[in-house]
Peer 1: 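Here's a structure for you.
Each chain gets a letter, A, B and so on, in the order its sequence line appears, and its residues count up from 1.
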Amino acid sequence: MIEEKWSEESRTYFSTELLSWYERSKRDLPWRRHRDPYYIWISEIMLQQTRVDTVIPYFHRFIERFPTIASLAEAPEEDVLKCWEGLGYYSRARNLQAAARQVMERHGGQVPRDKASVAALKGVGPYTTGAILSIAFDQPEPAVDGNVMRVLSRYFFIEEDIMKTGTRALMEGLAASLIPAGRAADFNQALMELGALVCTPKAPQCLTCPVMAHCSARLEGAELRLPVKSKAKPPRPEHRIAALVEGEGDREGRVLVRRRPDTGLLARMWELPHVLAAAKPSEGADLPDGAAMSRLAGTLAEEGAYVRPEGPFMTAEHIFSHIHWYMRVFRFQEAAALSALAGFAELAVAEPQAAYDEGERAEEYRWITLEDMEELAFPNVFLKILHQYFNDKQQK
DNA sequence: AACGCGGGGGA
DNA sequence: TCCCCAGCGTT
C-alpha cells in the first residue's frame with residue numbers, strides 16, 4: 001500500500017536528508033541533554049498542545065520539584081497541580097501522577113520498555129507511546145503529532161482530512177515505513193523539529209527546507225493548502241459574574257475562594273465564586289450591576305457567607321477550546337456579624353444547595369491571603385484577577 | 001466517532 | 001485583535 005503510493009526513492013531521500021538536517025540544526029532542549037526516560041516522558045506530556053518555549057521553564061521546575069518517578073508518585077496531588085499551574089489541560093498533570101504511581105506499582109519504578117505497558121499508562125495515547133519508545137529506547141515506533149501530519153501531508157501530498165481518525169492510521173503506517181534502521185529516536189525528533197521550525201502552518205520556510213526538492217506540495221505550489229483540516233466549532237459564549245469577597249474580623253485582608261469539584265472542567269482547581277449571569281449561558285451580558293451583585297450575594301448566602309456589595313471591580317475573559325467565559329467581577333465586603341459562627345466550610349457542607357451552576361458543589365471554601373496563593377493552583381483568569389486585587393491593595 | 005479539555009504565540 | 005495551534009480520555 002505504502003510502496004504503491006510513494007516510491008522507495010522518494011521515501012529514502014526524505015529520511016536521509018531529514019536526518020542529516022537534524023544533526024546540523026537540532027535545538028538544544030533540556031530533555032535532549034540526557035536520555036532519561038522519565039525526562040522524555042514528562043516533556044512529551046507537557047508538549048501535548050503546548051509549545052516548546054512555554055514548556056521549558058515548567059520542565060525545569062517540574063524535574064527540580066519531582067526529580068524521580070518515586071518522588072512524583074509520593075507527592076500530594078495539590079503540589080503537582082501547583083507545579084502545572086498556567087500550563088493548561090490539568091488532567092495531564094493528574095494523569096501523569098496516576099501513571100507515576102502505576103510505574104511504581106507495576107514496573108518497579110522504571111519506565112516500561114514494551115509497547116503495551118507504555119500505552120497502558122494514564123495520559124499516554126498512541127502519539128506519546130511512540131514518542132517514549134522511540135526517543136527513550138530507540139524502538140522503531142511512529143510518533144505522529146500535528147507537526148508530523150503537516151510535514152507528511154505536504155511532502156507526500158496527502159489530502160485526507162487530518163482531523164479524521166482514519167487519516168492518523170495512514171500517517172502512522174507511512175511514518176513507520178520512513179524510520180531508518182536504528183535511527184528511530186533521531187528520525188522521529190527530526191520530523192517534529194522540521195514541522196516546528198521549517199514546515200510551519202502559515203508561512204513555511206520552504207527555501208531552507210532540506211527536502212524541498214522532492215516535496216510534492218511545494219512542487220505543486222500547494223503547501224499552504226495542506227494539510228486539509230476541518231474546522232473546529234467556535235467556543236460557545238458564557239456570561240458569568242464572579243465575587244471578590246473581602247473578609248472581616250479574623251478574616252481581615254483575606255479573600256474568599258473555593259475549590260472546584262473532582263471531575264469536569266478545571267477539576268480540583270481553585271477559583272473565585274462565580275455563577276452564570278442568566279439561566280441561558282449565552283445571555284446575561286446586559287444584566288445590570290445591581291442585579292448581578294444581588295444574584296451573587298444570594299448565592300453566597302446559600303453557601304453560608306453574608307456579604308455587602310461594594311461595586312464592579314473588573315472584567316476578564318477566559319477562552320477554552322469549547323467555551324468563552326465573559327466574566328464580570330464584583331467586590332463585596334463580608335458582613336461577619338451575619339455569617340455563620342462555626343465557620344464557613346462546615347455550614348456550607350451542612351446545607352447542600354444548588355449554588356454551583358455546573359450542577360455540583362464546590363469542594364471547599366477558604367479565606368486566603370496573597371501568600372496562600374503559592375500553595376493553591378488557580379486557572380490563569382483567576383490568577384490575573386487576584387493579582388490585580390492584591391496589587392491594587394498594596395498600592396494604597 | 002464525537003465531544004470535553006487551557007492557554008499561548010504569531011500574523 | 002484575530003487566527004491558529006491538537007493529543008488523550010470518556011462516552
Side-chain angles (χ1 to χ4, degrees), chain A residues 41-59 81 84-99 102 118-132 141-153 160-169 171-172 175 188 192 195-205 224-236 238 260-271 281 316-325 327 358-360 377-384:
Chain A
W41 176 23
I42 300 299
S43 70
E44 288 301 335
I45 298 295
M46 287 187 169
L47 286 164
Q48 291 167 7
Q49 292 88 29
T50 312
R51 313 173 69 87
V52 165
D53 290 344
T54 306
V55 164
I56 288 173
Y58 281 91
F59 177 82
L81 272 180
W84 208 270
E85 181 186 73
L87 204 48
Y89 284 106
Y90 300 97
S91 64
R92 291 187 296 176
R94 294 188 298 269
N95 285 335
L96 180 57
Q97 186 180 35
Q102 283 178 270
V118 172
L121 296 174
K122 290 267 274 179
V124 176
Y127 162 73
T128 311
T129 300
I132 292 172
E141 292 289 336
V144 175
D145 69 352
N147 287 313
V148 172
M149 290 207 275
R150 187 169 56 253
V151 170
L152 295 183
S153 72
E160 265 88 354
D161 182 349
I162 63 165
M163 297 299 275
K164 298 264 191 249
T165 311
T167 308
R168 161 176 211 97
M171 296 280 186
E172 283 175 347
N188 282 352
M192 292 187 269
L197 299 181
V198 177
C199 196
T200 53
K202 303 281 280 188
Q205 310 286 301
L224 292 180
R225 218 160 46 67
L226 292 170
V228 174
K229 187 178 177 182
S230 51
K231 288 265 182 246
K233 281 192 295 189
R236 61 177 190 271
E238 276 191 15
R260 295 181 62 89
D262 285 341
T263 56
L265 185 69
L266 300 170
R268 294 198 276 275
M269 303 281 287
W270 289 85
E271 65 180 9
E317 291 183 29
H318 196 60
I319 305 172
F320 305 85
S321 46
H322 58 309
I323 310 173
H324 189 154
W325 280 354
M327 183 120 39
E358 270 83 9
E360 298 193 60
F378 290 87
N380 267 355
V381 63
F382 297 108
L383 284 179
K384 205 180 306 172

Peer 1: Within the 4.0 Å heavy-atom criterion, would you say A:Lys384 contacts the bases, only the backbone, or no part of the nucleic acid?
Peer 2: nothing
Peer 1: Between atom CE in A:Met163 and atom P in B:dA1, what is the gap in whole Å?
Peer 2: 14 Å
Peer 1: I'd like to know if the side chain of A:Gln102 reaches the main chain of A:Lys122, judged simply by a donor and an acceptor atom lying under 3.5 Å from each other, with no hydrogens or angles considered.
Peer 2: yes
Peer 1: Taking only the P atom of each, what is the distance from B:dC5 to C:dC3 in whole angstrom?
Peer 2: 24 Å
Peer 1: Judged by modelled atom types alone, do A:Gln48 and A:Tyr127 share a side-chain donor-acceptor pair under 3.5 Å?
Peer 2: no
Peer 1: Could you tell me how far apart A:Trp84 (CH2) and B:dG8 (P) are, to the nearest whole angstrom?
Peer 2: 14 Å
Peer 1: Without decimals, in angstroms, what is the distance between A:Met149 CE and C:dC5 P?
Peer 2: 11 Å
Peer 1: 5'-most contact on DNA chain C: A:Arg168 or A:Pro201, nearest heavy atom basis?
Peer 2: A:Pro201
Peer 1: Do side-chain atoms of A:Arg150 reach the backbone of A:Cys199 as a donor and acceptor pair under 3.5 angstrom?
Peer 2: yes
Peer 1: Expressed in whole Å, how much space separates the C1' atoms belonging to B:dG6 and C:dC4?
Peer 2: 14 Å
Peer 1: Rounding to an integer number of Å, can you tell me how far A:Lys122 NZ sits from C:dC8 C1'?
Peer 2: 10 Å
Peer 1: Could you encode protein contacts along nucleotides 2-7 of chain B as a string, one character per nucleotide from 5' to 3', using B for base contact, S for sugar-phosphate-only contact and - for no contact, with a heavy-atom cut-off of under 4.0 Å?
Peer 2: --SBBB
Peer 1: Rounded to whole angstrom, note down the P distance from C:dC8 over to B:dG9.
Peer 2: 23 Å
Peer 1: Can you tell me, in whole Å, how much space there is between the P of C:dG9 and that of B:dG8?
Peer 2: 23 Å
Peer 1: Figure out the CD1/C1' separation between A:Ile42 and C:dG7, and round it to whole Å.
Peer 2: 16 Å
Peer 1: Determine whether a donor-acceptor pair (N or O, by modelled atom type, separation under 3.5 Å) exists between the side chain of A:Gln49 and the backbone of A:Leu47.
Peer 2: no
Peer 1: Within the 4.0 Å heavy-atom criterion, would you say A:Asp53 contacts the bases, only the backbone, or no part of the nucleic acid?
Peer 2: nothing
Peer 1: With a cut-off of less than 4.0 Å, is there a side-chain N or O of A:Lys229 near OP1 or OP2 of C:dC4?
Peer 2: no
Peer 1: Among C:dC4, C:dC8, C:dA6, which nucleotide sits nearest the side chain of A:Thr128?
Peer 2: C:dC8
Peer 1: Under 3.5 Å, side chain of A:Arg92 to main-chain N/O of A:Met46, donor-acceptor pair present?
Peer 2: yes
Peer 1: Let me know the distance between CG of A:Leu47 and C1' of C:dA6, rounded to the nearest Å.
Peer 2: 13 Å
Peer 1: How does DNA chain B look in dot-bracket form if you count Watson-Crick and G-U pairs under 3.5 Å, write [ ] for pairs that cross, and put | where a base pairs with another strand?
Peer 2: |||||.|||||
Peer 1: So, for A:Trp325 and A:Phe320, is the gap between ring centers shorter than 6.0 Å?
Peer 2: yes
Peer 1: List for me each residue that meets salt bridge (Lys or Arg N to Asp or Glu O under 4.0 Å) alongside A:Arg268, sequence neighbours excluded, and say none if there are none.
Peer 2: A:Glu77, A:Asp262
Peer 1: Expressed in angstrom and rounded to an integer, what is the separation of A:Glu317 atom CD from C:dT1 atom C1'?
Peer 2: 11 Å
Peer 1: Short question: side chain of A:Ser43, backbone of A:Trp41 - any donor-acceptor pair under 3.5 Å?
Peer 2: no
Peer 1: Atom OH of A:Tyr127 and atom P of C:dC5: how far apart are they, to the nearest Å?
Peer 2: 17 Å
Peer 1: For A:Tyr90 and A:Leu265, indicate whether the former's side chain and the latter's backbone hold a donor-acceptor pair under 3.5 Å.
Peer 2: no
Peer 1: Judged by atom type as modelled, is there a donor-acceptor pair below 3.5 Å linking the side chain of A:Arg94 to the main-chain atoms of A:Ala267?
Peer 2: yes
